[in-house]
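Below, all heavy atoms of this structure are taken into account, side chains as well, without hydrogens, waters or symmetry copies.
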Amino acid sequence: MTDDVNAADQPEKDQVDAPTETQDESLFDAPPMAEQERMVEAILFATAEPLSLKDIASRLPMGCEPQTALVHLGKRYDGRGVNLVRVGEAWALRTAPDLGFLMQRETIEHRKLSRAAIETLAIIAYHQPITRAEIEEIRGVAVSRGTVDQLLEMDWIRFGRRRMTPGRPVTFVVTQEFLDHFGLETARDLPGLKELRSAGLLDNRPPPTDMPGPGEAEDESQDDEEQTELFEE
Amino acid sequence: MTDDVNAADQPEKDQVDAPTETQDESLFDAPPMAEQERMVEAILFATAEPLSLKDIASRLPMGCEPQTALVHLGKRYDGRGVNLVRVGEAWALRTAPDLGFLMQRETIEHRKLSRAAIETLAIIAYHQPITRAEIEEIRGVAVSRGTVDQLLEMDWIRFGRRRMTPGRPVTFVVTQEFLDHFGLETARDLPGLKELRSAGLLDNRPPPTDMPGPGEAEDESQDDEEQTELFEE
Amino acid sequence: MSAENPAQNDFEFDAERVADRVAAEALIVDVDGFEGPLDLLLTLSRTQKVDLRKISVLELARQYLAFIDKAKELRLELAADYLVMAAWLAFLKSRLLLPPDPAQEGPSGEELAAHLAFQLERLAAMRDAAAKLMARDQKGRDFFVRGIPEDVTRVRKVIYSATLMDLMQGYARTRTKDEFRPFVMDREATMTLEQALERMRGLIGYAGEWTDLTSYLPEGWEMDPKKRRSATAANFAATLELAKAGKIEIRQGEIFSAIQIRKRDHDG
């Protein structure tokens, strides 16, 4: 950062430095540079907005060289918890970017996943890899972008291979994170429908469609294997 | 001039680096002390309010030693345009008082305090914890509700513990904001406190009977204990 | 000027009173400026031009009373505080002037005077301390806080949760295109413990001899395997309850053989 500051400053600095020699002998007896640096430091600390060189100069006693003082200050704060940064044409002291995490305080909120998200997730888990069109077919409703995004963001699903079908649609699969969350070793550990039914979790009535009906009407021969395996009893 | 600045820096850096090695061996993989110092610097820099050691620690990674970091930081800012100051049990960065003249634009216009308010404030600061009746005894007049309200509103005084005397009167004490405002590390640093105490002028000397006064001569004699406690050195 | 001794000649005494009156007149202009009688007394004490510790309380009392007299003369409205203080000072003055009466109760004139002097000194000290306090470097005037505070931002992180059951139910819902219906026991073929117990309590009075538990199965529950299982289990649980309550005895010859019960009070 110091380098930036210095580099950026250089041309201007020369201009400002030039009159220094004459300035020192001037009537106004400017404070020593170390003092000027202190002053610039205090001013930048206390002001509510970044200050231009002109602003700084206008606050300093006559004969000061804010430009030079800024270079010193920049060096002094180089690598510190606070840095001298240039904001457009102005200067400010800011906390170091790498310490931004100290300025945040996380509040964690637990929320139940929406029904749409659970259903989508379940379909992906039971039928992976599965395309969005397939999910919609199973659910009978469109899958909102938000739902998929949420599941992706939670790192419970991810994109799988593209289907070798027209349009090469992307597929979704569940992640390791998903398995960890639900305490599963593999997606195959998910109970099959028959188990759900015999465990009394499902109505005994025969389902309206063939069970399990992976992929339906689609020609994804390469997936059928996994799929069948998944629901085999 | 640049040399001065650098030279001034050098020894401080060495001092700060020193404890790093031992730190690295600690149980909780705490960041090196130099890094902790940067963090404390950033945290204090970012806020206008003094922060307690606990506040600071709560924002640092586990295993950090803010106390030590503060010592290093205090040294680093010693003599700078911004200083590390202690405010009661808390810490803050404040511009050096000798540079106040540069900050006319930042100057906050305080509501002019009445003579009664200033006196009441001083009496509370030097005699805390003190009841309203005692303040009135000292000033020889009733303390108006408005005066106390104003001081409370400015956050310079607050209610302290109740007195264990008949009527359990409430007491007043000064706040951290009071210390911060007047640049006091602790209430013990009040100007002339020692002299006043040794002259016996802070003694709680109950008036002989029949003395007139708005305080109506209440019997609160066992407060000396608290008083001493507060100002003990 | 501060004459402690009351035994002065009349002329001096009068001159002093005149001076007091002049001073009082000057003060009276500013009567609103005083923060109570103690403040007035402190101001008056300044006119003695001595260290507060050496103040003549008697003299002060005289000055104060002169002030009050003057105020009355000018028909000025004075707050009650001032009059109370005047009365008290008049009393103090007499105490100080008269030889001490050994029979008198309470603090002596000197003690009262000393406390008044202490009060004045303390008030003056507090005023001085207040001035010193206000003369200190002050925040927002002499030193300044961070101008661009970067407040701690609250980052709200939402953690969504779902259980395996949610997942399975969700799947079941989509696959059956129907609401998930939790499994409900078919009450038709179930006998509860309560029902069996109720029934057994009624029957047990007749069980004088060892009787097979199976014979207690209610009518209509013996044939259907589901019903029989449920009734047997319920009856068995009921007999355990009754045995526990000391109502019956249970025996079983060997493992898997018939369980028999009988009434407890029939000794066997």
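With respect to chain B, the highest number of heavy-atom pairs below 4.5 Å among L42(C), D128(C), V145(C) belongs to V145(C). By number of non-hydrogen pairs under 4.5 angstrom with chain B, the leading residue of A114(C), A129(C), G147(C) is A129(C). Note on L89(C), D142(C), I148(C): by heavy-atom pairs under 4.5 Å with chain B, the leading option is D142(C). In terms of heavy-atom pairs under 4.5 angstrom with chain C, the leader among A199(B), G192(B), A96(B), G100(B) is G100(B).
Only the side chain of L196(B) comes within contact range of chain C, with heavy atoms under 4.5 Å apart. The contact between L113(B) and chain C is made entirely by side chain atoms (from C-beta outward), counting heavy-atom distances below 4.5 Å. The parts of F45(B) that come within reach of chain C are both its backbone and its side chain, each placing non-hydrogen atoms under 4.5 angstrom from that chain. Interface remark: E121(C) contributes backbone and side-chain atoms alike to the contact with chain B (heavy atom separation under 4.5 Å). Of the atoms belonging to R136(C), it is side-chain heavy atoms, and not backbone ones, that fall under 4.5 Å from chain B.
Listed here is the closest heavy atom pair of F118(C) and D203(B): CZ-O, 4.0 Å. Here the shortest heavy-atom pairing between G36(C) and V141(B) reads CA-CG1, 3.1 Å. The two residues F143(C) and G183(B) make their nearest non-hydrogen contact at CZ-N, 3.7 Å. Scanning all heavy atoms of the two residues, the minimum distance from L184(B) to L133(C) falls at CD1-CD1, 4.4 Å.
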Stepwise side chain to side chain contact (heavy atoms under 4.5 Å, CB included) test for M126(C) and R139(B): CA-CA 9 Å; M126(C) 279 300 113; R139(B) 294 199 62 230; over 6 Å; no
Verdict with reasoning, M103(B) to R141(C), per side chain to side chain contact (heavy atoms under 4.5 Å, CB included): CA-CA 8 Å; M103(B) 252 68 74; R141(C) 188 185 78 181; over 6 Å; no
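In this structure, the side chains of L123(C) and E119(B) come closer than 4.5 Å at one or more pairs of heavy atoms. The shortest side-chain heavy-atom distance between R122(C) and E137(B) falls under the 4.5 Å cut-off. For the pair F182(B)/D137(C), no side-chain contact is recorded, criterion being any heavy-atom separation below 4.5 Å from C-beta on. In this structure the side chain of R115(B) reaches within 4.5 angstrom of the side chain of D39(C), judged on heavy atoms.
Residue E195(B) places its CD atom among more than 12 non-hydrogen atoms of other residues, nucleotides or ligands, all under 6.0 Å distant. For NZ of K54(B), the number of neighbouring non-hydrogen atoms (other residues, nucleotides, ligands) closer than 6.0 Å is 12 at most.
Between R146(C) and E49(B) there is no salt bridge, since no side-chain nitrogen of the basic residue lies less than 4.0 Å from a carboxylate oxygen of the acidic one.
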